[in-house]
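Structure first, then comments.
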Amino acid sequence: MVGEIKQILKPTDFEGLKKALAMGPEKTIEAIKKSGLTGRGGAGFPTGMKWSFAASAKSKKKYVICNADEGEPGTFKDKVIIREVPEKIVEGMAICGLAIGADEGYVYLRYEYSYLISEFEAAIEAAEAKIKELGFKFKVTLFMGAGAYVCGDETAIIESIEGKRGQPRYKPPFPASVGLFGKPTVINNVETLANVPSALVDKEWNNKLRLFSISGTVDKPGVYELPEGITLAEVEKLVEPWGPLKAVMMGAAGGIAPAKDLVFSQEYLQKQGASLGSCTVVLFDDAVNMVDIAENVNEFFVHESCGYCTPCREGNRQIRDILSDMEDESDIEMMLALIQNARDTSRCGLGQTCGCVIEGAIRHFPEDWEDELQ
Amino acid sequence: MKVIINGKEYSVGKNDTVLEACRKANINIPTLCHSDMLTPAATCRICTVEANGKMVASCVQPVTDGMEIKTNTSRVMDARMINLQLLMAGHDDCTSCGKNRKCDLQRIAEEMGVRDRWFTTDEPYTVDMTSLSIVRDTSKCILCGKCVRTCREIQTVEALAFADRSVHTKLVAGADQGMGESVCINCGQCILACPTGALSEVDETGKVWDALNDPNKFVGVQTAPAIRAAIGEEFGLPAGSRVTGKMVAALRRVGFNKVFDTDFTADLTILEEGTELLGRIKNGGKLPMFTSCSPGWIKFIETFYPDLLENLSTCKSPQQMFGALAKTYLAEKLKVKPENMFVVSIMPCTAKKFECGREEMTDSGYPDVDVVLTTREAARLIKQVGVDFVNLPDEQFDHPLGESTGAAVIFGATGGVMEAALRTVYEVVTKSTLPSLDFVETRGMKGVKEATVMVGDLPVKVAIANGTGNARKILDRVRAGKADYHFVEIMACPGGCLGGGGQPIPTNLEIREKRMAAIYEEDANMELRKSHENPYVAKLYKEFLGEPNSHKAHELLHTHYLDRKTGEKKVHGGHKHD
């Protein structure tokens, strides 16, 4: 069936690690580069290249971190992987460890997934034993987040694991050279790591096949495995909207675009001021007012800003105050200026992207704002 | 390395940040959270500029070869203005702020030509009055983190931190129990670091006005060594101006009955502390002996190294010695009832406010000192009266307790107490005259200094630290038994008292160095430069105290300490009656 989760769930039984062990670090990185695997966390950075930076960093101690802080509003795909094929995540981490020269890894699991701890830990233990059997030593620690959205940022994860306030670091230096406890570190998303063994051994594996988290005004929300580039029209057949769709929100950080003729490709979405990101899709039908969406997303960022730097901490506060009492066009202009400022001068991705849904809502749905101002 | 700044090519260092590169090109980018002394944090984002078409925080962005930097585009200006306006949201009244005309946020607003305010905020705030020394007003805090980094990186105290998140992020002391209940040592370096008025000294000028207007009170004022090398800055004089005579004249015009000098009791301290040191060396007492003049340092050791409290000299600080004598010896001489004698201290130091409030500082039966004013508050008194400080004629301190030597003046600089002590110890022990009075090795801004000085046949090993972060380096070695010093001088503030938390703002490295030069100049110009040659100190012993470390001296001039881990009082040194 179209959309059925197959590729990511296909067991690899540690064949990926076996192959990597046989190839050695350099060839493993080459193979990952050649596979075309890109990061699933949102930025889409080539995984092999990320690994090669950490591999070339000189250090006896290095770390692999699995980013399981799945906190983007509307995203729930990693949970499926954690529940269904946790051993593939650990296998991917071990392969990364082998490739970069790390013997230790952390899984940073979001606080809200606390109910997964016992089964995940058991799976990690079993996988560690299997890895040891194969003659490779790799220790994985499950580390719980405390509920902060910003701790999905790779450098905020590092700060959090180190016991500090969950705040992003300034880059450079990048984690590949100065990461966890000051050591070279690779941080990959759950879905990226679970794809690693498949990318090495599954001949049919396709990087463009992604897990989409789909929710909103639809009858069949859920996680679907779909190819990048699929049209909304095709997706609609699967998820069965309640009524005619008006807008597609790509998570709180990925912007919002009109539903008409929408294609789930980075190229298309970028033109609309949105991004594919981690394939988070929230669908809204005609009954939904975009000013309400803007208010909701702003509330989220006012709550989740780490408070470190001015444009995000203070900017979102001011956007909140403007939204609560809009008078005229100048209020909208001020919001757009604050959003541009946050994009230009915030330190981390959270701040840089915090305004993109509001901006898209203003840009694509002016009629909703006109109604509000009247 | 070459970079292009606003279209013009410049040669810059390969490790420069964009900010440093621009400064070298004489382009001053405004900053609020940046200090050359601290790890850059890039919280305020005011310094954002364009580099190769991208917006970057210039304080943390390294330059790359050929980088094209633009600081003058409307994109940069818009960002600077918006972030400035965002930070100004909680700042709606400069006239009632202690940092008025000394505030970086205000200055940048002026430079940027702000003519209207875009934002307001109704975020609840706290004014923390729990400390005897420092007020923390979170309504004025722009969360730049300079105080947090100063407290952590320079002083290694870590009393300050951020708590909560997003719009609720706030500066807290300890676990938000207030400055007064935290490990804060009251040094006030956070006040000097703060770009706004979020941190300030506890203002006690009102208490002084009340005393000055009370017909029953005889109000005497004492001035610490470091004031005379700094207070001129409050009146527009360049840093490093020596204004001892004008300061005395101004305080008389404010209305103090007598103007005394803490330098007198600094000389006295040398005799007490020098005698104590020689006694410890002779009798196998606890060594190294640590100086005890700096109340920030005292709370530091009480909090973090209570196991080393026995190493601390039992001498009170010169300020407290002065107070104890003022309410006994001086009261008797001037025929003033001790209860009517009101002692005001002018100190470069916020921790002195805490020190004067310590319960044990009441050996005369009254508080040794009634009110401590910082240099900044003293300048306010003078301004309030309208005294034209700069054009005043020089006047002399009153007698007695107004006479001093060059050895006392240098108490205001790191290494000064050590040098003063060496001048006296050398001559007392060897009974011969020092060939040169200047102990160059003990001078200067270096964090930790060491020297070995031959006193007769005895090689006396000394060490000096300024800033409690540097003190830690010495203390850890002493604790580990790896240091064989006899005498260690520690001042809590960088540069010593001249860089104290109560000094004029700004206080930075360059200004500290100028004040230091002024202090050594003052010393060089003094007729007498050794504490034991102060004839009035000799007279005090003859008339009142007997001899150094006498029973009476111990009663009035020595003290005990508190182990702040266990809450246990530490009395040592033999004579002290509690």
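Chain naming here is simple, since letters A, B, ... match the order of the sequence lines and numbering starts at 1 in each. Given the structure is predicted, the values throughout are model-derived calculations rather than measurements.
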Look at atom [atom1] of [X] and say whether more than 12 heavy atoms of other residues, nucleotides or ligands are closer to it than 6.0 Å.
X: B:Lys24; atom1: NZ; value: yes
X: A:Glu162; atom1: CD; value: yes
X: A:Phe45; atom1: CZ; value: yes
X: A:Lys271; atom1: NZ; value: no
X: A:Phe76; atom1: CZ; value: yes

For [X] against [Y], the heavy-atom pair lying closest together:
X: B:Arg45; Y: A:Thr345; result: NE-O, 2.6 Å
X: A:Asn341; Y: B:Ala79; result: OD1-CA, 3.3 Å
X: B:Ala42; Y: A:Cys309; result: O-CB, 4.2 Å
X: B:Leu86; Y: A:Thr310; result: CB-CG2, 3.9 Å

Counting heavy-atom pairs under 4.5 Å to chain B, which of [options] comes out on top?
options: A:Arg320, A:Met334, A:Arg343; result: A:Met334
options: A:Glu314, A:Gln340, A:Gln318; result: A:Gln318
options: A:Gly166, A:Ser346, A:Cys312; result: A:Ser346

Can you tell which of [options] has the highest number of heavy-atom pairs within less than 4.5 Å of chain A?
options: B:Glu123, B:Lys54, B:Gln85; result: B:Glu123
options: B:Leu143, B:Thr43, B:Val56; result: B:Thr43
options: B:Ile142, B:Ile82, B:Asp78, B:Asn83; result: B:Asn83
options: B:Cys44, B:Cys144, B:Gly145; result: B:Cys44

Problem set entry | chain A neighbours within residues 148-163 of chain B, where any heavy atom lies under 4.5 Å away | B:Phe162, B:Ala163
Seminar exercise, completed: Here the gap from B:Cys59 atom SG to A:Tyr170 atom OH, rounded to the nearest 0.5 Å, amounts to 7.5 Å
By a 4.5 Å heavy-atom criterion (distance strictly below it), what part of [X] contacts chain B: side chain, backbone, both, or neither?
X: A:Tyr308; answer: both
X: A:Ala342; answer: neither
X: A:Glu304; answer: both

For this session: Measure distances from B:Pro62 to the heavy atoms of chain A and classify the residue's part below 4.5 Å as side chain, backbone, both or neither.
Result: side chain
Exercise. Do A:Asn316 and B:Val167 pass the side-chain contact (heavy atoms from CB on, under 4.5 Å) test, and can you show the C-alpha distance, the side-chain angles, and the key distance before you say yes or no?
Worked result: CA-CA 9 Å; A:Asn316 280 308; B:Val167 295; over 6 Å; no
Exercise. Within the distance-only criterion (no hydrogens, no angle test), does the side chain of A:Arg165 pair as donor or acceptor with the backbone N or O of B:Asp164 below 3.5 angstrom?
Worked result: yes
Exercise. Does the B:Arg165 side chain pair with the main chain of A:His303, one donor and one acceptor, at a distance under 3.5 Å?
Worked result: yes
For this session: Check the side chains of A:Arg317 and B:Thr121 for a donor-acceptor pair under 3.5 angstrom, ignoring hydrogens and angles.
Result: yes
For this session: Would you sort out whether B:Thr48 and A:Asp344 count as a side chain to side chain donor-acceptor pair (under 3.5 Å), showing the intermediate values?
Result: CA-CA 9 Å; B:Thr48 302; A:Asp344 274 348; over 6 Å; no
For this session: Verify side-chain contact (heavy atoms from CB on, under 4.5 Å) between B:Trp118 and A:Leu338, making sure each step is shown before the conclusion.
Result: CA-CA 11 Å; B:Trp118 300 355; A:Leu338 286 164; over 6 Å; no
